[in-house]
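Have a look at the structure below, then the notes.
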2 protein chains.
Amino acid sequence: MARLSFREQVLRVREDAIVSSVNRLLAEKGFDSMTVDEVAADVGIAKASLYKHFASKEALAAAAMVRVLQRALQAIEAQSAIAEASAFERLRAVTRWTLQVQLAGEMPSLPSQNSTLRATLIADKTYVDLVMEVSERLGEWIVQAQQDGALTSRLPPEVILYTLFARACDPVLGFLKAGGQHSDEKIVEWVLSTCLDGLAARP
Amino acid sequence: MARLSFREQVLRVREDAIVSSVNRLLAEKGFDSMTVDEVAADVGIAKASLYKHFASKEALAAAAMVRVLQRALQAIEAQSAIAEASAFERLRAVTRWTLQVQLAGEMPSLPSQNSTLRATLIADKTYVDLVMEVSERLGEWIVQAQQDGALTSRLPPEVILYTLFARACDPVLGFLKAGGQHSDEKIVEWVLSTCLDGLAARP
DNA sequence: GTCTATAGCCAGATAGAC
DNA sequence: GTCTATCTGGCTATAGAC
């Protein structure tokens, strides 16, 4: 039992290393440009060994998505733990976290059109459950922040939720980072401001 | 001379049909998922004939980008012609146009990571010149709108420009459209509002 | 479960006849 | 310039030895 547990631990560490590589490569190159050979080389094992752990390239991407969603849920729970924070402040903090993850090159980017990938994702109960969980948690905050008068009530919560989700793949961060003129902190605050405050002047 | 001109016209019409197909397929499936075979089938010619007109798949994408940029420039000039419009109103109108094009499935979507594609694009003088032209025209309006007090002065014009450009590939439009609950007009106005007004409540 | 080697496939690009 | 037929390379996935 102790031996088995140890073996399982080794397995988990190995698979965690694989998912880390996949996560970074997906952020760097995107799903289509990432090759399984690269992943194997990056992890330092043979390609065939990869396929003993994950059934397909799509399954690799799904595992990376599951992990980033788990991290997102942790960020959400960290905000829930701050008793004095308002719903709006919590949403802002989680959105900032999302931008930071993307800017750090740790946000996997998947093509929304690829049907094979979509099929693998929606067949993955862990992934679907996590997406639902994150959506519900954020959805509650959105409704609350609207009631507080902190978020606009002129937009349906659904639109606000999607807009926040979309910050995870906002290309503006990459544009500004590529310019090399500004610090990561500045870039994050600017994009956060475009999202929450908008571009039009405020009185 | 008349004969030659006629032949050139036929050629242009044919190439225009190719670019139309490429444009639509790029919007539908993205660059990586689009195949040259599909393009040929869609146009109704053999694949080899395509390669007589365009040197590579990347060149096809570049041609589609050139055309959409030309259309954007037309939209910009249409706004310039409205003497009584403010810079802010012009920016809003052009941004709305961008959202409408994307929602209509006519906005080609290219992966920003693909280096071969990037190389082809920046080697294409027509493409680069058009990007510069559009950027400068919008940049002037942005500075003017900031002076007018209509756009926030807390963000550098560069950040505002990138944010407006990014609306061309905003996934929120697709999410809302996929839901099937709302009219295209509603979706466009909502996303335009998230962009200009932001998510935070306005007094 | 790890490796080497390879099967199988698909897509970009081209040859060569007309 | 258009076609059919084909080449070529790269990528996912697997066979089979250890």
Side-chain angles (χ1 to χ4, degrees), chain A residues 3-19 21-22 25-26 28-64 110-111 113-121 123, chain B residues 3-19 21-22 25-26 28-64 110-111 113-121 123:
Chain A
R3 282 256 275 263
L4 190 68
S5 172
F6 176 72
R7 282 198 177 177
E8 279 175 1
Q9 271 198 351
V10 169
L11 195 74
R12 275 199 60 156
V13 168
R14 167 67 43 101
E15 292 192 348
D16 203 62
I18 294 173
V19 176
S21 286
V22 171
L25 288 170
L26 281 181
E28 236 175 69
K29 331 183 54 169
F31 181 78
D32 291 309
S33 297
M34 180 188 82
T35 70
V36 178
D37 289 86
E38 276 174 328
V39 176
D42 195 66
V43 178
I45 61 177
K47 183 164 54 169
S49 303
L50 262 189
Y51 280 95
K52 295 287 181 179
H53 292 277
F54 297 93
S56 66
K57 183 183 177 183
E58 285 76 19
L60 285 171
L110 306 184
Q113 307 101 340
N114 187 321
S115 59
T116 310
L117 179 56
R118 276 195 76 83
T120 302
L121 286 176
Chain B
R3 281 257 273 264
L4 190 69
S5 172
F6 176 74
R7 282 197 178 177
E8 279 175 0
Q9 270 197 351
V10 169
L11 195 76
R12 274 199 61 157
V13 168
R14 166 67 43 102
E15 292 192 348
D16 204 62
I18 294 173
V19 176
S21 285
V22 171
L25 288 169
L26 281 180
E28 235 177 68
K29 330 183 55 169
F31 181 78
D32 291 309
S33 297
M34 180 188 82
T35 70
V36 177
D37 290 86
E38 276 175 329
V39 176
D42 196 66
V43 178
I45 62 176
K47 182 163 58 168
S49 303
L50 262 189
Y51 280 95
K52 295 287 180 179
H53 293 277
F54 298 92
S56 66
K57 183 183 178 183
E58 284 77 20
L60 285 171
L110 306 184
Q113 307 101 339
N114 187 322
S115 59
T116 310
L117 179 57
R118 276 194 76 83
T120 302
L121 286 177

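All figures in this text were calculated on a predicted structure; none of them were measured in a lab. A, B, ... follow the sequence lines: proteins, then strands. Residue 1 opens every chain.
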| said: So which atom in Ala46(A) and which in Ala40(A) form the shortest heavy-atom distance, rounded to 0.1 Å? | reply: C-CB, 4.1 Å
| Atom CZ of Phe6(B) to atom P of dG1(D): distance rounded to whole Å? | 13 Å
| Along nucleotides 2-18 of chain C, 5' to 3', which nucleotides get a B, which get an S, and which get a -, given that the test is a protein heavy-atom distance under 4.0 Å? | BBB------SBBBB---
| Roughly, in whole Å, what's the span from CZ in Phe54(A) to P in dT14(D)? | 15 Å
| message | According to salt bridge (charged side-chain N to carboxylate O under 4.0 Å, His left out), does anything in residues 41-51 of chain B pair up with another residue at least two apart or in another chain? List the pairs. | response | Arg24(B)-Asp42(B), Asp37(B)-Lys47(B)
| said: Distance check, rounded to the nearest 0.5 Å: Leu50(A) atom CG versus Ile45(A) atom CD1? | reply: 4.0 Å
| task | Evaluate the side-chain contact (heavy atoms from CB on, under 4.5 Å) criterion for residues Asp32(A) and Asn114(B): first the C-alpha distance (whole Å), next the side-chain angles of each, then the deciding distance (0.1 Å), finally the verdict. | result | CA-CA 10 Å; Asp32(A) 291 309; Asn114(B) 187 322; over 6 Å; no
Would you mind writing out the side-chain donor-acceptor pairs for residues 52-63 of chain A within the sub-3.5 Å range, not counting sequence neighbours?
from: His53(A); atom 1: ND1; to: Glu15(A); atom 2: OE2; distance (Å): 2.9
from: Ser56(A); atom 1: OG; to: Glu58(A); atom 2: N; distance (Å): 3.4
from: Ser56(A); atom 1: OG; to: Ala59(A); atom 2: N; distance (Å): 3.1
from: Lys57(A); atom 1: NZ; to: Phe31(A); atom 2: O; distance (Å): 2.9
from: Lys57(A); atom 1: NZ; to: Met34(A); atom 2: O; distance (Å): 2.7

